[in-house]
Amino acid sequence: MRIGVLALQGDFDAHRQRLEELGAAVVLVKKVEELDSLDGLVIPGGESSTFLRLLGESGLKKLHEFVRMKPTFGTCAGAILLAREVEDPRQAGLGAIDMVIRRNAYGRQIDSSIRQGLFRGSPIEMVFIRAPKIERLGPSVEVLAKEGNDPVVVRQGKAMAATFHPELSGDSRIHQEFLELVANRTIS
Ligand code: GLN
């Protein structure tokens, strides 16, 4: 399985490490042309507005085509990019997941925090950094993890999103979940 990690900015290298530990062959994607040869893609955290600027209109179009065809996992800023609607401020979303997401929703006081949530019913550490909050979910979106009452890992079809940074915890369950999604989609 060849998994790309979008490496335009942000914390892509921690994702590379996690995925390699799980046995995936990882490609750091610097140009959208490199997407063609991949089975799946991780869009890391960073600054979603910067991603949009760096991708430009043609890069965004290419990314949009990819997420329609192949499994994609967005974390934090990556989750924002996958949303149907983005608030605070409003910006373009790829619409891969039927959700409304609010950027920097925890305010400046709690810029970042480590909290415990539940992933498929089991406790898991969650590292939030200037995290967005999922405000509304469409009926076809499955919630895989919650922190308190908030959905924090969701999936719709082949797109998966986490509002926190699973790559920064020593727990590979969420990346494993994504690799299983890729494996299942590659076979079927
Ligand atoms: N606040 C960032 C944004 O709005 C996301 C932060 C992150 O990816 N850690 O895009």
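The residues of the chain are indexed from 1 along the displayed sequence. We count ligands from 1, going down the list as the structure has it; atoms in each ligand are counted the same way. The analysis underlying the following values was restricted to heavy atoms, covering all of them including side chains, and did not include hydrogens, waters or symmetry mates.
Remark: Arg115 is positioned above the aromatic ring of Phe128, its terminal NZ or CZ atom under 6.0 angstrom from the ring centre and at most 45 degrees off the axis.
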Side chains of residues 54-77: which donor-acceptor partners sit under 3.5 Å, not counting sequence neighbours?
{"residue": "Lys62", "atom": "NZ", "partner": "Asp36", "partner atom": "OD1", "Å": "3.1"}
{"residue": "His64", "atom": "NE2", "partner": "Leu94", "partner atom": "O", "Å": "3.3"}
{"residue": "Lys70", "atom": "NZ", "partner": "Leu38", "partner atom": "O", "Å": "2.8"}
{"residue": "Thr72", "atom": "OG1", "partner": "Lys70", "partner atom": "O", "Å": "3.1"}
{"residue": "Thr75", "atom": "OG1", "partner": "His15", "partner atom": "NE2", "Å": "3.1"}
{"residue": "Thr75", "atom": "OG1", "partner": "Gly45", "partner atom": "N", "Å": "3.4"}

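Under a 3.5 Å cut-off, the side chain of Gln91 and the backbone N or O of Glu87 do not form any donor-acceptor pair. In this structure, the side chain of Arg155 engages the main chain of Gly157 through a donor-acceptor pair within 3.5 Å.
Within the structure, every pair that satisfies the salt bridge (charged side-chain N to carboxylate O under 4.0 Å, His left out) test and touches residues 1-13, not counting sequence neighbours, is listed here: Asp13-Arg16. Here salt bridge (charged side-chain N to carboxylate O under 4.0 Å, His left out) pairs that include residues 123-133, with residues two or more places apart or in two chains, are Glu47-Arg130, Lys133-Asp150.
Protein residues with a heavy atom under 4.0 Å from ligand 1 are Gly45, Gly46, Glu47, Ser48, Cys76, Ala77, Ile80, Arg103, Asn104, Ile129, Arg130, His165.
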